[in-house]
Amino acid sequence: QVQLVESGGGLVQAGGSLRLSCAASGSIFAINAMGWYRQAPGKQRELVATITSGGSTNYADSVKGRFTISRDNAKNTVYLQMNSLKPEDTAVYYCRVDSVGFRVYWGQGTQVTVSS
């Protein structure tokens with residue numbers, strides 16, 4: 001079966017940086033896109049950034065200029081470099097893989113906490 005393993009979350013001070021990683025493995029024939037979503041307590045899950053198999057990227061307006069999404073095709077891994085972190089970035093961050101046939105897979109989530 002498909003598994004997404006996330007890492008890199010933690011506690012940082014405002015203005016600091018973190019890098020999240022998500023490695024996909026299992027029965028995936030082809031990946032159309034990978035991305036990151038986040039959910040704060042009491043809030044809806046929202047898109048942070050996505051990257052297609054062709055390398056095209058998309059970012060939420062709130063993170064443009066601060067976050068960078070990238071991928072390593074050999075490792076089937078997607079990364080999220082987060083710079084200039086703000087307290088409002090505090091959330092659980094989830095990795096997402098969109099495969100062929102509109103199939104979607106989610107990681108377990110990793111906590112990111114930014115102190116004031």
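Residue numbers run from 1 in the order of the sequence given.
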Chemist: Report, one line per pair, each donor and acceptor closer than 3.5 Å where one atom sits in a side chain of residues 51-60; sequence neighbours left out.
Modeler:
from: Thr52; atom 1: OG1; to: Gly54; atom 2: N; distance (Å): 3.3
from: Thr52; atom 1: OG1; to: Gly55; atom 2: N; distance (Å): 3.4
from: Thr52; atom 1: OG1; to: Ser56; atom 2: N; distance (Å): 3.1
from: Tyr59; atom 1: OH; to: Ile69; atom 2: N; distance (Å): 2.9

Chemist: Determine whether Val92 and Thr110 satisfy the following criterion, side-chain contact (heavy atoms from CB on, under 4.5 Å), listing intermediate values before the conclusion.
Modeler: CA-CA 5 Å; Val92 177; Thr110 184; over 6 Å; no
Chemist: Got a list of side-chain donor-acceptor pairs under 3.5 Å for residues 78-87, not counting sequence neighbours?
Modeler:
from: Gln81; atom 1: NE2; to: Asn83; atom 2: OD1; distance (Å): 3.0
from: Asn83; atom 1: OD1; to: Ser17; atom 2: OG; distance (Å): 2.9

Chemist: For residues 95-112, pull every pair meeting salt bridge (Lys or Arg N to Asp or Glu O under 4.0 Å), keeping only residues two or more places apart or in separate chains.
Modeler: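 Listed once each, the pairs are Arg96-Asp98.
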Chemist: So which pairs with a foot in residues 64-75 pass side-chain hydrogen bond (donor to acceptor under 3.5 Å, both in side chains), sequence neighbours left out?
Modeler: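 Passing the test, one end in residues 64-75: Asp61-Lys64, Arg66-Asp89, Arg71-Asn73.
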Chemist: Taking the hydrophobic residues Ile, Leu, Val, Met, Phe, Trp and Tyr, and joining any pair whose side-chain heavy atoms are under 4.5 Å apart, which ones share a cluster with Val5?
Modeler: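 The other cluster members (ILVMFWY side chains, heavy atoms under 4.5 Å, direct or chained): none.
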Chemist: Can you pull out every ring-ring contact (aromatic ring centres under 6.0 Å, His included) where at least one residue sits in residues 91-116? Sequence neighbours excluded, please.
Modeler: Tyr37-Trp106
Chemist: Who are the side chain to side chain donor-acceptor pair (under 3.5 Å) partners of Gln111, not counting sequence neighbours?
Modeler: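 Expected list: Thr113.
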Chemist: List the atom pairs, with distances to 0.1 Å, where a side-chain N or O of residues 39-46 and a protein N or O form a donor-acceptor pair under 3.5 Å, not counting sequence neighbours.
Modeler:
from: Gln39; atom 1: NE2; to: Lys43; atom 2: O; distance (Å): 3.1
from: Glu46; atom 1: OE2; to: Arg38; atom 2: NE; distance (Å): 2.8
from: Glu46; atom 1: OE2; to: Arg38; atom 2: NH2; distance (Å): 3.3

Chemist: Report yes if the side chains of Val112 and Thr90 come closer than 4.5 Å at any heavy-atom pair, otherwise no.
Modeler: no
Chemist: Enumerate the residue pairs fulfilling disulfide bond (SG atoms under 2.5 Å apart) with a member in residues 52-91, sequence neighbours excluded, ordered by first and then second residue.
Modeler: none
Chemist: Has Ser99 got a side-chain atom pairing as donor or acceptor with Ala30's backbone, closer than 3.5 angstrom?
Modeler: yes
Chemist: Enumerate donor-acceptor pairs with a distance under 3.5 Å from any side-chain N or O in residues 19-26 to protein atoms, sequence neighbours excluded.
Modeler:
none

Chemist: Got a sec, which pairs hit disulfide bond (SG atoms under 2.5 Å apart) with one end in residues 44-84, sequence neighbours left out?
Modeler: none
Chemist: Quick one: ring pair (Phe, Tyr, Trp, His ring centres under 6.0 Å) partners of Phe67, sequence neighbours excluded?
Modeler: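 Listed in chain order: nothing, the list is empty.
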Chemist: Is the number of heavy atoms from other residues, nucleotides or ligands within 6.0 Å of CD (Glu88) greater than 12?
Modeler: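 Result for CD/Glu88: enclosed.
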Chemist: Do Ile31 and Asn76 come close enough that some side-chain heavy atom pair is under 4.5 Å?
Modeler: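 They are in side-chain contact.
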Chemist: Quick one, Val104 and Val97 - any side-chain contact, counting heavy atoms below 4.5 Å?
Modeler: no
